[in-house]
Amino acid sequence: MKLTGHDLLAIGFPEGNALGLALTLIEEKYSTAPLVEKIQILKKIVANTEAFIDDETFGPVAVALQKPAIDVKELHASAMPYQIYGAEAIEQGALDQMETAMRLPVTVAGALMPDAHQGYGLPIGGVLATRNAVIPYGVGVDIGCRMCMTIYDIPPSQLETRVDEFKKILLNNTQFGVATFKRPKDHAIFERKEFSELEIVRSLKDRAWQQIGSSGGGNHFVEFGVVEITNAINEFNLSPGIYLALLSHSGSRGLGANIARHYTQIAMNTCKLPQVAKHLAWLDLDSEAGQEYWLAMNLAGDYASACHHQIHERIAIGLRTTPLAMIENHHNFAWKEKDAQGDELIVHRKGATPAGKGVLGIIPGSMATPGFIVRGKGLAASINSASHGAGRTMSRTKAKQTILQGTVNKFLKAAGVELIGAGLDEAPMAYKDIHQVMDHQKDLVEVLGSFMPKIVRMCGDKRFQEVD
DNA sequence: ATGTCC
């Protein structure tokens, strides 16, 4: 009979690394021993941890047991006030999560964007400013998930006249789901010292190399479309007009996912919070783990950017041209920013677009509704942020159960969109009305132009879509 | 989001 994690919790093992380690070792060394004997041994380690520090078998368990001086935190009795944009279209679960986040002792300010919906810990569309603390689940699992748009001096009418050619360019130069490039392109990011100096990051380097330039699954996409610039974008000398553009949405693939998983576990093991807030566990920025996370998060952000740049580079080569402009922004990340007094804040944007004064950003709609090129207005109440899209109005499960393929096909046809891949969970009707969402954030961003998708590639891998 | 469970 094998011991379970539950048995170990019952005899006083704290949640964390020691538990897993003890399970592994006891089953390795005492696999044939009766259950009571295994329990007796482990009880002794809990009761007299120090005596086992040098134990040949259980030394590592004792070390892990001694390690974290677990810090039990309390929430403030009431939540700090925070601004909500488009509250009437935001689900209760997201509001509850934000309310909890506003009770953390490290929280300084918060805001909820109009595309908000429930997530793990901080809601998607949540912005949270803290003092000297970073919350891995306040950044999200896909660290550095971002948008990137390149705009070309090509008449967008060619999306109709050369549709098969453009589809082929997308198919040949993007990879979705588990697929990666046979010959990944090298990138300067692989010379970064974080890949050798941080153990967890080192263990992820080979896969990061395999996956660079790939897009993954879920709501990620690469699409050609028509940009209509209404307000000149002086950074690029881009005049009002209609252009062909490429828009991509993806993140840091396995690299960021595993960095997030690793440091979330450390945070949850060392920063114990009441059940309702447990996913908001933070790392102090001056702790070793906090500093490591900060470096690893920034690396994952730069890696996500590198992936987009390779996508756009490959496609620009396919188009035999160079872009007139490139606009990009993270929307799952934490930044060091200053408050009104000039003191440093850690601003978490989990599915929120940076919208500081003058800052360019991209807010996508869905596969068959427009997205927008925006310039931030720097509104303090929004913590210099805006939405990162339309936001889901339906869970993936519900979308797959209730939306019919025929309905989506008609919608795509009416919108003049060619779709490669994607499941019903990404259907336009699973998302809020982007126009309403934009209306709710008029004070946060100025719209400079729109982007209408025309040839869209998303993940067509059934392994990711779980069509039940 | 993620070779979708250490």
Side-chain angles (χ1 to χ4, degrees), chain A residues 2-6 8-9 13-28 60-61 64 117-126 136-147 175-181 184 199-201 203-212 214-222 248-266 268-269 279 296-297 300-301 303-304 307-308 330-333 348-352 364 388-389 391-392 395-397 400 422-423 425-426 458-459 461-468:
Chain A
K2 275 192 177 182
L3 280 174
T4 66
H6 213 80
L8 270 63
L9 288 170
F13 264 83
E15 286 194 47
N17 296 338
L19 190 150
L21 215 48
L23 270 181
T24 311
L25 292 173
I26 197 90
E27 295 303 341
E28 249 174 44
V61 177
H117 52 98
Q118 199 172 336
Y120 266 103
L122 197 65
I124 319 301
Y137 264 137
V139 168
V141 177
D142 191 3
I143 298 171
C145 186
R146 58 166 32 211
M147 304 304 304
Q175 296 287 2
F176 281 81
V178 292
T180 54
F181 287 99
E199 198 188 324
I200 174 73
V201 176
S203 74
L204 300 168
K205 187 176 182 179
D206 287 350
R207 208 198 316 168
W209 163 261
Q210 276 303 316
Q211 292 184 327
I212 193 161
S214 66
S215 296
N219 56 3
H220 291 173
F221 60 76
V222 181
S248 54
H249 175 212
S250 53
S252 50
R253 311 290 283 106
L255 176 66
N258 284 284
I259 289 169
R261 175 165 27 212
H262 180 79
Y263 288 100
T264 292
Q265 266 170 11
I266 293 177
M268 286 174 49
N269 286 337
H279 289 126
M297 177 195 75
Y303 175 82
C307 286
H308 282 267
H330 291 325
H331 51 220
N332 280 11
F333 211 63
H348 304 74
R349 294 189 181 87
K350 184 184 191 179
H388 82 313
R392 299 194 72 88
S395 71
R396 291 186 180 279
T397 316
K400 282 185 283 194
D425 48 343
E426 284 300 323
M458 298 189 81
C459 180
D461 192 327
K462 293 285 183 264
R463 275 174 287 188
F464 284 82
Q465 289 172 9
E466 295 167 45
V467 180
D468 42 330

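Values reported hereafter were calculated over all heavy atoms of this structure, with side chains retained and with hydrogens, waters and symmetry mates removed. Chain naming here is simple, since letters A, B, ... match the order of the sequence lines and numbering starts at 1 in each.
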Notebook entry, point to check: Which whole-number value in Å describes the distance from A:I200 CD1 to B:dT2 P?
Noted result: 17 Å

Check: Rounded to whole angstrom units, what separation is found between the CG atom of A:D461 and the P atom of B:dT2?
Finding: 11 Å

Note to self: Over all strands shown, is A:Q210 touching base, sugar-phosphate only, or nothing at heavy-atom distances under 4.0 angstrom?
What the structure shows: nothing

Notebook entry, point to check: Between B:dC6 and A:R261, is there an OP1 or OP2 to side-chain N/O distance shorter than 4.0 Å?
Noted result: yes

Check: Once you round it to whole Å, what is the distance between C1' of B:dT4 and CG of A:D425?
Finding: 13 Å

Next item on the list: Whole angstrom is fine here: how far is it from OH in A:Y137 over to C1' in B:dT2?
Entry: 11 Å

Next item on the list: Applying side-chain contact (heavy atoms from CB on, under 4.5 Å), name anything that partners A:T264, two or more places apart in sequence or on another chain.
Entry: A:P136, A:Y137, A:M268

Check: Expressed in angstrom and rounded to an integer, what is the separation of A:Q211 atom CD from B:dT2 atom P?
Finding: 8 Å

Item checked: Spacing of A:L204 atom CG relative to B:dT2 atom P, expressed in whole Å -> 14 Å

Notebook entry, point to check: Do the non-hydrogen side-chain atoms of A:R349 and A:N332 ever get within less than 4.5 Å of each other?
Noted result: no

Check: Can you tell me how far C1' of B:dC6 sits from CG of A:N269, to the nearest Å?
Finding: 12 Å

Note to self: Looking at B:dT2, I'd like to know if its phosphate oxygens (OP1 or OP2) sit under 4.0 Å from a side-chain N or O belonging to A:R253.
What the structure shows: yes

Note to self: Categorize A:G254 for me: base, sugar-phosphate, or nothing, with a 4.0 angstrom heavy-atom threshold over every strand shown.
What the structure shows: sugar-phosphate

Next item on the list: Can you tell me the distance, in whole Å, between the CD atom of A:Q265 and the P atom of B:dT2?
Entry: 18 Å

Margin query: Pairing donors with acceptors under 3.5 angstrom, does anything connect the side chains of A:S248 and A:H308?
Written below: yes

Check: How would you list, by chain and number, every residue that makes a ring-ring contact (aromatic ring centres under 6.0 Å, His included) with A:F221, sequence neighbours excluded?
Finding: A:H249

